[in-house]
Enquirer: 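Take this structure first; my questions come after.
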Amino acid sequence: MTGSDEDPRVAELRTAVSRLRRELAAHPAEFMDRGIAEDELAALDAMADGGSPEVPRLRRSLLLIAGAIGSVSALSAALTQVRGAIELFGGPGSRG
């Protein structure tokens, strides 16, 4: 954390990404697109560290992650939390 001046949306994104990364790392099953999910979670983490993520890039990462792990029901709650955190930056369908 960078302190009390951190954007609460960034803090929520950071928390959600951290949770999904932990749960993905602990998930015992291997699946074909696991590496894609791990790479995109690392990208989301880096964007959060930057402090002002670009909404289109956030959404692109979310789509890639959802496509990669969407069928793994054990990760659905953490994925939903990441989606909610990304929606804080503009919600679904907004342009700005």
Side-chain angles (χ1 to χ4, degrees):
M1 295 280 186
T2 60
S4 62
D5 61 340
E6 181 178 39
D7 183 337
R9 300 173 304 168
V10 172
E12 182 65 27
L13 178 61
R14 190 184 312 258
T15 299
V17 167
S18 177
R19 174 185 175 193
L20 184 52
R21 287 180 95 177
R22 281 191 316 272
E23 290 186 17
L24 181 59
H27 191 68
E30 283 299 321
F31 45 94
M32 187 171 29
D33 294 332
R34 184 181 196 125
I36 292 169
E38 291 169 343
D39 290 347
E40 289 304 316
L41 285 166
L44 285 176
D45 194 40
M47 284 186 263
D49 282 344
S52 184
E54 296 178 23
V55 175
R57 180 64 177 104
L58 290 173
R59 290 188 182 137
R60 180 182 178 279
S61 288
L62 177 61
L63 286 173
L64 289 169
I65 293 165
I69 65 172
S71 65
V72 182
S73 61
L75 301 173
S76 65
L79 179 59
T80 298
Q81 184 181 4
V82 170
R83 178 181 177 214
I86 289 172
E87 287 178 357
L88 294 173
F89 287 89
S94 72
R95 300 279 180 217

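Quick note: numbers below take in every heavy atom, side chains included, and nothing from hydrogens, waters or symmetry partners. Positions are given from 1, in the same order as the sequence printed here.
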Enquirer: Write down the atom of L24, the atom of A37, and the distance for their closest heavy-atom approach.
Expert: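 Closest heavy-atom pair between L24 and A37: CD2-CB, 4.0 Å.
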Enquirer: Closest approach of L88 and R9, non-hydrogen atoms and distance?
Expert: O-CD, 3.2 Å
Enquirer: Take E23 and L79, measure what side chain to side chain contact (heavy atoms under 4.5 Å, CB included) needs, and give me the verdict at the end.
Expert: CA-CA 10 Å; E23 290 186 17; L79 179 59; over 6 Å; no
Enquirer: I need the E87 CD to T80 OG1 distance, nearest 0.5 Å.
Expert: 9.5 Å
Enquirer: Determine the minimum heavy-atom distance between A11 and E6, stating which atoms define it.
Expert: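 The answer is CB-OE1, 3.6 Å.
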Enquirer: What verdict does the side chain to side chain contact (heavy atoms under 4.5 Å, CB included) test give for E40 and L62, after you've listed the backbone C-alpha separation in whole Å, the side-chain angles of each residue and the deciding distance to 0.1 Å?
Expert: CA-CA 8 Å; E40 289 304 316; L62 177 61; over 6 Å; no
Enquirer: Verify whether one side chain among S61 and R57 offers a donor that lies under 3.5 Å from an acceptor in the other.
Expert: yes
Enquirer: Would you please test E12 and Q81 for side chain to side chain contact (heavy atoms under 4.5 Å, CB included) and show each step?
Expert: CA-CA 9 Å; E12 182 65 27; Q81 184 181 4; 3.7 Å; yes
Enquirer: Of all the heavy-atom pairs spanning A77 and R19, show the shortest one and how long it is.
Expert: CB-NH2, 3.6 Å
Enquirer: State, yes or no, whether a side-chain contact exists between R14 and D49 at a heavy-atom distance under 4.5 Å.
Expert: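 Side-chain contact under 4.5 Å: yes.
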Enquirer: Which pair of non-hydrogen atoms, one from H27 and one from A74, has the smallest distance, and what is that distance?
Expert: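 Result for this residue pair: CE1-CB, 3.9 Å.
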Enquirer: Where is the tightest heavy-atom contact between R34 and A29, given as atom of each residue plus distance?
Expert: NH1-O, 2.5 Å
Enquirer: Is a donor from one side chain sitting under 3.5 angstrom from an acceptor on the other, for R22 and S18?
Expert: yes
Enquirer: Show the numbers, then the answer: is there a side chain to side chain contact (heavy atoms under 4.5 Å, CB included) between L13 and I86?
Expert: CA-CA 7 Å; L13 178 61; I86 289 172; 3.9 Å; yes
Enquirer: Out of curiosity, does V72 fall in the hydrophobic cluster containing V82 (side-chain heavy atoms, cut-off under 4.5 Å, transitive links)?
Expert: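 Hydrophobic grouping puts V82 with V72.
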Enquirer: To the nearest 0.5 Å, what is the distance between CG on L58 and CZ on R60?
Expert: 12.0 Å
Enquirer: Please tell me whether L63 and F89 are part of a single hydrophobic cluster in this structure, the criterion being side-chain heavy atoms less than 4.5 Å apart.
Expert: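 Result: no, two separate clusters.
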Enquirer: Can L44 be reached from V55 by stepping across I, L, V, M, F, W or Y side chains whose heavy atoms are under 4.5 Å apart?
Expert: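 Yes, one cluster joins them.
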Enquirer: Determine whether F31 and L20 fall in the same hydrophobic cluster, where Ile, Leu, Val, Met, Phe, Trp and Tyr are linked whenever their side-chain heavy atoms lie under 4.5 Å apart.
Expert: yes
